[in-house]
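For reference, the structure discussed in these notes is given below.
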Amino acid sequence: MTLLLDTHVLLWAAGEPDRLPAGTRALLRDPATALAFSTASIWEVVIKRALGRSDFRVDPRLLRDGLQQHGYRELAIESEHALAVGRLPPIHNDPFDRILVAQAQVENITLLTMDAQLARYPVAIRSV
């Protein structure tokens with residue numbers, strides 16, 4: 001199974017894994033689980049860190065480098081992903097979350113999130 005981690009889950013997995021439930025931590029450590037992060041998550045960290053958000057203090061370059069060193073695959077935003085956003089129902093207004101949903105849908109992978117609203121989308125979602 002391939003998991004695309006949403007930004008908050010990604011930040012917790014990388015820097016505060018104890019905030020994740022034990023079952024989620026085990027899933028992330030399972031060699032049968034392929035892990036991915038979106039370019040959109042790095043972009044979100046850059047923007048929110050620049051705005052001074054206390055929950056986005058991590059250096060985005062170090063985050064990206066660390067994820068890649070730990071075997072995470074970076075999922076770039078493709079035009080097909082952007083077009084898929086336009087086909088999503090208006091359940092969620094956050095553009096970062098919407099592109100993650102579209103990427104999971106187009107790539108046929110599971111989105112790992114703690115956002116219950118995202119589970120309403122027609123895509124494979126696994127809640128934390």
Side-chain angles (χ1 to χ4, degrees):
M1 163 179 28
T2 300
L3 293 176
L4 174 61
L5 280 62
D6 84 0
T7 306
H8 277 99
V9 174
L10 188 68
L11 289 172
W12 287 359
E16 300 178 82
D18 290 340
R19 292 186 73 174
L20 295 169
T24 300
R25 290 192 310 267
L27 180 65
L28 296 177
R29 287 190 304 267
D30 185 339
T33 304
L35 302 173
F37 69 96
S38 173
T39 302
S41 291
I42 302 301
W43 182 23
E44 182 176 10
V45 171
V46 167
I47 289 171
K48 292 181 178 177
R49 182 174 191 242
L51 293 173
R53 290 256 315 249
S54 62
D55 52 342
F56 287 86
R57 287 186 228 155
V58 64
D59 180 320
R61 186 174 306 279
L62 293 177
L63 174 63
R64 179 180 178 266
D65 291 348
L67 292 168
Q68 289 178 327
Q69 289 171 7
H70 285 90
Y72 284 70
R73 175 176 66 101
E74 183 171 357
L75 183 57
I77 299 170
E78 304 289 339
S79 59
E80 187 175 356
H81 302 143
L83 292 169
V85 169
R87 295 188 298 272
L88 293 175
I91 295 170
H92 206 293
N93 292 326
D94 185 311
F96 296 110
D97 286 333
R98 288 177 61 83
I99 194 69
L100 292 174
V101 168
Q103 286 182 298
Q105 187 177 60
V106 168
E107 301 298 325
N108 196 30
I109 57 179
T110 301
L111 179 61
L112 184 63
T113 184
M114 68 171 102
D115 188 335
Q117 245 187 326
L118 294 182
R120 295 174 51 206
Y121 279 105
V123 65
I125 300 278
R126 186 157 183 155
S127 296
V128 171

request  = Compare every heavy atom of Thr39 with every heavy atom of Ala76, then report the nearest pair and how far apart it is.
outcome  = CA-OG1, 3.3 Å

inquiry  = To check you understand the geometry: which heavy-atom pair defines the closest contact between Val45 and Leu11, and what is its length?
reply    = CG2-CD2, 4.1 Å

query = Same cluster or not: are Val123 and Leu83 linked, directly or through other Ile, Leu, Val, Met, Phe, Trp or Tyr residues, by side-chain heavy atoms under 4.5 angstrom apart?
reply = no

ask   = Taking atom CD of Gln68 and atom CD of Glu74, what is their separation to the nearest 0.5 Å?
value = 5.5 Å

key: Value rounded to 0.5 Å, distance of CG in Leu88 from CZ in Arg120   = 12.5 Å

Hydrophobic cluster identity match, Tyr121 and Ile109, side-chain contacts under 4.5 Å = yes

request  = Determine yes or no for a side-chain-to-main-chain donor-acceptor pair under 3.5 angstrom, with Arg57 supplying the side chain and Ser54 the backbone.
outcome  = yes

remark   = Tightest non-hydrogen contact, residues Val85 and Ala102, listed as CG2-CB, 3.6 Å

ask   = Got Ile47 and Phe56 here, is their nearest side-chain heavy-atom distance under 4.5 Å?
value = no

Heavy atoms from other residues, nucleotides or ligands near CZ of Arg25 exceed 12 (cutoff 6.0 Å) = yes

query = Is Leu20 close to Leu28 at the side-chain level, that is, under 4.5 Å between some pair of heavy atoms?
reply = yes

task = Nearest 0.5 Å please: distance from the CG atom of Leu10 over to the CG atom of Leu112.
result = 10.0 Å

request  = Check Leu63 against Ala14 and note the closest heavy-atom contact, atom names and distance.
outcome  = CD1-CB, 3.6 Å

inquiry  = Using modelled atom types and a 3.5 Å cut-off, is there a donor and acceptor pairing between side-chain atoms of His81 and backbone atoms of Ile77?
reply    = no

request  = Compare all side-chain heavy atoms of Ile91 with those of Val101 and state whether any distance is below 4.5 angstrom.
outcome  = no

task = Taking the side chain as every heavy atom from C-beta outward, state whether Trp12 and Leu5 have any atom pair closer than 4.5 Å.
result = no

message = Under the salt bridge (charged side-chain N to carboxylate O under 4.0 Å, His left out) definition, can you give me all pairs with a residue in residues 95-114, not counting sequence neighbours?
response = none

key: Same apolar cluster (I L V M F W Y, side chains within < 4.5 Å links), Ile125/Leu75   = yes

message = Within the structure provided, determine whether Leu100 and Thr7 are in side-chain contact (heavy-atom separation under 4.5 Å).
response = yes

message = Are Asp115 and His8 packed together at the side-chain level, in the sense that at least one heavy-atom pair is separated by less than 4.5 angstrom?
response = no

note = Distance col, row Glu44:CD vs Asp6:CG, nearest 0.5 angstrom, shows 8.5 Å

key: Contact check, side chains of Ser41 and Phe96, non-hydrogen atoms, under 4.5 Å   = no

ask   = For the hydrophobic clusters of this structure (ILVMFWY residues joined by side-chain heavy atoms under 4.5 Å, transitively), does one cluster hold both Val58 and Met114?
value = yes

inquiry  = Side chains of Leu35 and Tyr72, heavy atoms from C-beta outward: is any pair under 4.5 Å?
reply    = yes

message = For residues Leu3 and Leu111: do they belong to one hydrophobic cluster (side chain heavy atoms under 4.5 Å, members Ile, Leu, Val, Met, Phe, Trp, Tyr)?
response = no

task = Please confirm whether the backbone N or O of Pro122 pairs with a side-chain atom of Gln105, one donor and one acceptor, at under 3.5 Å?
result = yes

ask   = Has Arg61 got more than 12 heavy atoms of other residues, nucleotides or ligands less than 6.0 Å from its CZ?
value = no

